[in-house]
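Report on the structure given below.
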Amino acid sequence: MLTRKQNELLRFIHERLKETGVPPSFDEMKDALDLRSKSGIHRLIMALEERGFIRRLPNRARALEVIKLPEASTPGPSRARFSPSVIEGNLGRVRTPAPAAHEDDGPAHVSIPVMGRIAAGTPISAIQSRSHTIPMPPDFLSSGEHYALEIRGDSMIEAGIFEGDTVIVKKQDTADSGDIVVALIDDEEATLKRLRKRGASIALEAANPAYETRIFGPDRVRIQGKLVSLLRKY
């Protein structure tokens, strides 16, 4: 699912290409989406490219190609804006149940809610609502409440986190420098990154040299949880 701004930008680029055969400039995209800076457009284009909606053609300025459009129609004015807040959404009402013993008297497991998908790369819209639960051994958890997210993207591969993995996150709103966290940027987009504190600023650091470290003011980032374990299917 694309964010509202990602959807708007994709449609704008698509319509401009249909009309003129030439992609819009960054300034035109910024004005069309009513953004204050071109850095926001750069972030949206990276997100659309990573998710396979557009392609940037090499060695050509302003060369963008729309590969596909979302299956769903563009959100209309009556459609509520999606707000991917982990803490304030359904998860806020989820309590980790007490471990239940299996009938064969094996180790007890805890049911963890799976809250959607998150990008380990350019931030994407993530964390919609509880879809299902997965059983987890208590040894894989810490104290407190937890939730699970499915990974999309490859920016954390050097930390051993790959596309298709499921991460288990402890719900908390603080973290130490060096922790891998779920970070909510500008109350709109969520990403999984390593947190680095640089004075009054917050750096979200990838574990893949192909991705740049992104630095934000403290008022732009909210910590939604800390990574505690990971599941992988082969």
**OP:** Answer yes or no: is there a side-chain heavy-atom contact under 4.5 Å between Ile180 and Met156?
**Re:** yes

Original post:
Side chains of Val228 and His146: closer than 4.5 Å at any heavy-atom pair?
Top reply: yes

**OP:** Using a 4.5 Å cut-off on heavy atoms from C-beta on, say whether the side chain of Lys197 contacts that of Leu195.
**Re:** yes

Subject >> Contact check, side chains of Ile223 and Thr174, non-hydrogen atoms, under 4.5 Å >> reply: no

Original post:
Are Glu189 and Gln6 close enough, and set up right, to give a side chain to side chain donor-acceptor pair (under 3.5 Å), and what steps lead you there?
Top reply: CA-CA 11 Å; Glu189 295 176 316; Gln6 288 167 0; 2.8 Å; yes

Original post:
Rounded to the nearest 0.5 Å, how far does CD1 of Ile161 lie from CD1 of Ile157?
Top reply: 11.0 Å

Subject >> CZ/Phe12: more than 12 non-hydrogen atoms of other groups inside 6.0 Å >> reply: yes

Original post:
Once you round to the nearest 0.5 Å, how far does CZ of Arg220 lie from CG of Asp186?
Top reply: 4.0 Å

Subject >> Gap between atom CE of Met136 and atom OG1 of Thr166 - 0.5 Å precision >> reply: 9.5 Å

Subject >> By side chain to side chain donor-acceptor pair (under 3.5 Å) - contacts of Glu15 (at least two apart) >> reply: none

Subject >> Side chains of Leu227 and Asp179 in contact at under 4.5 Å (non-hydrogen atoms) >> reply: no

Original post:
Going by heavy atoms in the side chains, are Ile151 and Leu192 under 4.5 Å from each other?
Top reply: yes

Original post:
When rounded to the nearest 0.5 angstrom, what is the spacing between CG in Leu149 and CD in Gln224?
Top reply: 10.0 Å

**OP:** Drop me the distance from Leu69's CG to Arg11's CZ, to the nearest 0.5 angstrom.
**Re:** 5.0 Å

